[in-house]
Amino acid sequence: MAAASASFSPLANIINKPSEWSNDVRAAVIIALSVVVFSAVLLRPSYDGKVYDLGGIPILTVWSFFTKRYDFIREQFKNSGGKTFRFRVLQHRVIAFNGEQSRKVYFNEAGFSMSEGYRILMGGAPELKDAHVQSSVTDADIEDGFIKRLLLLLRRDRITDTLPTLLDDMHTRMTEWGTEGKINPFSQLVFQMTIRMATCKELAEDRKAMNDLAKHYWALEKSATPVSLLLPWFPGPAKRAKEKSTVALYNLFNSFVERRRNATVPSSDPIDLFIAQGDSNDTIIGVPCWTLLFLGSNPVWKKKVVDELKALVANHTDTLSSEPLHKRLAAIPLNAWEEQLPTIDLAIRETLRITATGSTLRRNMHKDVTVDGVTVKRGDFLTYQLADVHLNPEIYKDPMQFDPSRFLEGREEDRKETFAFIGWGVGRHPCAGMKIAKLEIKLILALILLGYEYELVDGSGKYPKQLPTPDRNDIQQARPLGEPCYMKFKKVAE
Ligand code: HEM
């Protein structure tokens with residue numbers, strides 16, 4: 001079949017009969033061959049005693065940096081014998097570091113900009129120009145003020161006020177599951193929570209708008225393809241998709257801003273203060289799902305976590321109350337959620353250690369800096385993959401094993417090296433949303449672990465032969481790889 005179709009292809013006809021090539025075809029072939037020979041000779045990999053240069057044609061060599069980033073970095077470190085390596089992405093130079101010495105400088109150096117690194121090598125963030133919005137406010141201005149505004153939103157009094165509503169939202173979503181059944185936990189459990197914290201009541205309670213928001217948000221993330229990042233001007237499908245979803249998101253937010261502006265009674269909802277840039281919803285969604293999977297395969301830790309949650313409820317609420325679970329949880333003070341769940345803290349930490357393995361990015365915006373003997377010039381990009389430390393068997397024994405006790409006194413594996421745990425960021429860029437993210441994860445775990453009994457099953461209803469592992473090349477979400485795994489549940493508390 002392939003041979004038959006090839007003989008009808010004009011290209012195959014030309015290739016098969018070199019004697020009939022026109023001068024133009026001959027010239028094209030000679031140029032193409034020259035490029036290949038030139039690249040093979042002049043752009044071949046090299047080592048100057050400090051750093052490996054991957055060489056090669058910039059786009060071709062690094063295609064998998066954009067499509068399979070985790071594998072790319074791992075493979076190149078294998079090729080370089082664990083030494084620092086560098087490569088080109090078009091006109092940019094990127095240096096990949098590993099090891100403790102590099103890590104210390106990478107996360108502490110003031111001139112290494114996190115936002116510049118992600119903006120250029122990651123993409124995916126909406127830009128005002130894509131929505132064709134005329135504004136004197138630049139995207140850089142928005143970013144500068146972002147963390148300040150975020151911290152304003154995440155003030156303790158706001159979180160305390162919103163906590164009961166967050167639980168109501170979750171409860172409403174979970175009621176749709178019924179009293180018994182099977183769910184794939186990797187759904188959009190937490191999206192609404194973050195929207196509630198970051199926008200306004202009207203939006204968080206409008207199911208259609210929420211669904212549209214989720215649709216455009218994921219479309220925007222998908223539009224960060226290698227072509228759209230390497231050639232941002234190229235008018236291909238990814239550029240069109242990015243513009244389309246940016247316009248849709250802008251219009252959607254704008255309609256709610258207008259509603260708030262026209263409202264007679266002002267509210268303390270954040271949308272009255274600012275329109276938040278989309279942030280790490282995807283990460284939060286993944287963490288409780290993975291924790292539930294790990295606990296589902298580890299009865300000892302599951303019991304410890306459930307017992308701890310039961311104790312929290314017993315200590316802070318009326319045990320004889322007939323109120324539904326989410327109302328009772330709402331009565332628990334914020335500081336108790338933060339300080340009285342050490343076992344869950346360990347389980348979350350261990351979940352992040354195993355699942356947070358992606359590449360962080362930076363750009364050197366100031367003077368040249370030497371990192372572990374390698375000069376990082378002004379304008380160079382840098383990358384450090386969290387797997388270098390999180391899955392390092394020299395630091396974490398049996399790194400693929402879910403074992404929260406590795407952090408306990410006496411073992412403290414995360415203290416063996418500087419910055420050995422980076423699940424919430426370290427150095428100059430600790431996660432600004434950690435407190436709210438942890439709270440959301442704990443609320444979800446409490447509602448599920450106290451409200452339901454569950455066991456893990458595969459498609460045929462049996463305990464899975466193999467548990468899924470995170471897709472480490474899935475930069476945004478680390479969704480599970482392998483056979484689908486479900487939670488078979490039964491409701492045990494209203
Ligand atoms: C489970 C959820 C989350 C995880 C695991 C997480 C993890 C991280 C990590 C590892 C970094 C450092 C990245 C680097 O060094 O390149 C970071 C930074 C950051 N995170 Fe999160 N994050 C989460 C949720 C959130 C949420 C919900 C928000 C906002 C509401 C947020 C806001 C930020 C910001 C603004 C920074 C950059 C801080 C800076 O530039 O100094 N994160 N996060």
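For clarity, every value in this text was computed on a predicted model and none was experimentally measured. Order of appearance sets the numbers: ligands from 1, and atoms from 1 within every ligand.
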Practice item. Measure the spacing between CG of L386 and CZ of F421 and express it to the nearest 0.5 Å. Key: 9.5 Å

Check your understanding: L352 heavy atoms, cut-off 4.0 Å: which ligand 1 atoms fall inside?
Key -> 5 (C)

Revision key, fill the gap. Heavy-atom proximity to atom 21 (Fe) of ligand 1, picking from S359, C431, S115, points to C431

Check your understanding: Would the F402 and W301 ring centres measure less than 6.0 Å apart?
Key -> no

Point to revise | Proximal candidate to atom 38 (C) of ligand 1 [heavy atom criterion; set G425, P430, A356] | key: P430

Exercise for review: Identify, by atom number and element, the atoms of ligand 1 in contact range of V287, meaning under 4.0 Å from any of its heavy atoms.
Suggested key: 1 (C)

**Study point:** Whether over 12 other heavy atoms sit under 6.0 Å from K377 NZ
**Key:** no

Exercise for review: Considering the heavy atoms of G423, write down every atom of ligand 1 situated less than 4.0 Å from one of them.
Suggested key: 5 (C), 7 (C), 10 (C)

Practice item. Classify the ring geometry between F72 and F65 as parallel (under 30°), tilted (30 to 60°) or perpendicular (over 60°). Key: perpendicular

Practice item. Validate the cation-pi geometry between R74 and F77: distance from NZ or CZ to the six-membered ring centre under 6.0 Å, angle to the ring axis within 45°. Key: no

Review point. Taking 4.0 angstrom as the limit, do E350 and R406 come out as a salt bridge?
Key: yes

Exercise for review: Show which atoms of ligand 1 fall inside a sub-4.0 Å distance from at least one heavy-atom site of F107.
Suggested key: 15 (O)

Review point. Do the charged groups of R362 and E109 touch, with an N to O distance under 4.0 Å?
Key: no

Review point. Between T360 and ligand 1, does any nitrogen or oxygen pair lie at a separation below 3.5 Å?
Key: no

Practice item. Identify whether NZ of Lys or CZ of Arg in R349 sits under 6.0 Å from the centre of the six-membered ring of F407 and within 45° of that ring's axis. Key: yes

**Study point:** Per-residue contact class, R362 against ligand 1 - non-hydrogen pairs under 4.0 Å
**Key:** side chain

Exercise for review: Heavy-atom contacts with A437 under 4.0 Å: which atoms of ligand 1 show up? List them by number with element.
Suggested key: 2 (C), 24 (C)

Check your understanding: Which atoms of ligand 1 are found less than 4.0 Å from any heavy atom of I422?
Key -> 10 (C)

**Study point:** ligand 1 versus M114: contacting region, heavy-atom distance under 4.0 Å
**Key:** side chain

